[in-house]
There are 2 protein chains.
Amino acid sequence: MNAPLPIRPTPLYLQDDSHPQARVCAACEVRRSALFGALDAASLDRIHTHIATPQLGPDERIFGRGDPGGAVYTVRSGIVRFERVTEGGDRRIVRLAGRGDLIGQEALLQRPYADEAVACTEVQLCRIPRTLVDQLGRGENALLLELMRRWQQALEQAEAWVADLATGSALRRVLKLLALLDRHADEQGLIWLPRREDMGAMLDMTVETASRMVSRLRRDGAIVPLPPRHARLDRDRLAAVLASQDAA
Amino acid sequence: MNAPLPIRPTPLYLQDDSHPQARVCAACEVRRSALFGALDAASLDRIHTHIATPQLGPDERIFGRGDPGGAVYTVRSGIVRFERVTEGGDRRIVRLAGRGDLIGQEALLQRPYADEAVACTEVQLCRIPRTLVDQLGRGENALLLELMRRWQQALEQAEAWVADLATGSALRRVLKLLALLDRHADEQGLIWLPRREDMGAMLDMTVETASRMVSRLRRDGAIVPLPPRHARLDRDRLAAVLASQDAA
DNA sequence: CGAGCCGTTGAGGGGATTCAAGCTCAGTGG
DNA sequence: CCACTGAGCTTGAATCCCCTCAACGGCTCG
């Protein structure tokens, strides 16, 4: 059971004669960090009609690997995972995206999606058709800069994933994952705690090992699992465990 | 000992009154796959004077993590590795770049470089000052598209690194690395074979384990090391070993 | 209430690390 | 010319971490 996300009311100063979706876009709480934050009100007004804001539940698919890329998405809330199947035949999660992240950028290059994108938590998206960005790209330079910034950000996240989550002992990798998830904590300070099977797909370990590590941290008081799929972290104790781990 | 790379003569039809560097750019053997392949001759003529073509030997540094990003580079030949130091304190190679790849894209966003870039083999580069792309970006759309394409390519390589090189047994990871290096083989079919220490930094294993795996493949006749730092692969036998590995 | 999924824990075995020693080879200097 | 040296590679033995296989408990749902 996942509690529905709160819906913010439209600010009063925007309840004018604009198109409804334009008001939603302008009021978007992630707009300052979102892709279209780079656009002025006039540009926004030209495109708002084509932007959908789909909402998905856990384990619902956003797009699949190989699907024709018809749109890019901005993550407004929630966590999205990118999966692919290794040649060995097992599922591997290669990256996570959270609030403000841009996903499915391949679409802008008229390419099929490279990975399967699946919602981890309840997820709110902005769906931006590819053609929309195409025509904007002709004139607006701010958008392109913002786009490149996101691209680079995704790249750095992918490299950080290799450096952090694919390195060291099982305990260390779990600690790093928790640190990453902590950056996506909700307003009550709760994190999304993946199923052990998903943790295995992220960290290349078995469900048993993932369970053992989480249990160990739970016994140390560093994490308090709050089913379903959530937990509270004690950052200090986690840091202490990580430090004692590095010392060894 | 690394043999000097062959220098191609300038095609006859280009020996006109152009600037010398313009001729070099136009004759560049990787141009069709290079960033500026998207530009026409006129644009090329405007910028050629500012493009340097540095040449580096093995283990020479191209840029360091945190350096102010003054330029992007196209790899004309050779292999470049991206390193960073994990919080654990040990060196980790997070990606490789080869012919035609664009490196240091952070510079276009006026950011410092995210990783240390080091030449693995003899490397030839095109150095493209950031300001040059800035002014081109205003008018030329083809360049921007090409730029985004490369960005996406780098991202996909990073994700494939996680899926391939950070997954499975030590033998499997070594096999995957060899397959990757094979795609950068030179004209004689030789690959760059990293030092065991570097293999360890790529695959998160010890030098001893890396050595054991290479030795095992050598005994199986799947790889013939040709010091210094090179080897010849038997693709069929490598595939056979990989298959028998997956079966287990 | 039984079925099924998920998480947990234990026992045993295997693969990677750790620690250690010996090897090749290039460079150096007696 | 050749011992000496140090870096890189290889191999062995012991240890340990993680995987595999197995069993069990809590929970949700039909």
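In what follows, chains carry the letters A, B, and so on, assigned in the order in which the sequence lines appear, proteins first and then strands, with residues in each chain numbered from 1.
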Let me confirm one number: the CZ-CG distance from A:R229 to A:L190, rounded to the nearest 0.5 Å.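 One finds 14.5 Å between CZ of A:R229 and CG of A:L190.
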With rounding to the nearest 0.5 Å, note down the distance linking CZ in A:R150 to CD in A:Q157. 10.5 Å
Which pair of heavy atoms, one from B:E83 and one from B:D115, lies closest together, and at what distance? O-CB, 3.5 Å
Report yes or no: does A:D101 contribute a side-chain atom to a donor-acceptor pair with the main-chain N or O of A:G98 at less than 3.5 Å?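 Yes; at least one donor-acceptor contact below 3.5 Å.
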Side-chain (B:T167) to main-chain (B:A163) donor-acceptor, under 3.5 angstrom: yes
If I take atom CE in residue B:M199 and atom C1' in nucleotide D:dG8, what distance separates them, rounded to the nearest angstrom?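 Value for this atom pair: 14 Å.
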How many Å lie between CZ on A:R172 and P on D:dC17, as a whole number? 16 Å
In B/S/- notation, 5' to 3', how is nucleotides 7-19 of chain C contacted by protein heavy atoms closer than 4.0 Å? SBBBB----SBBB
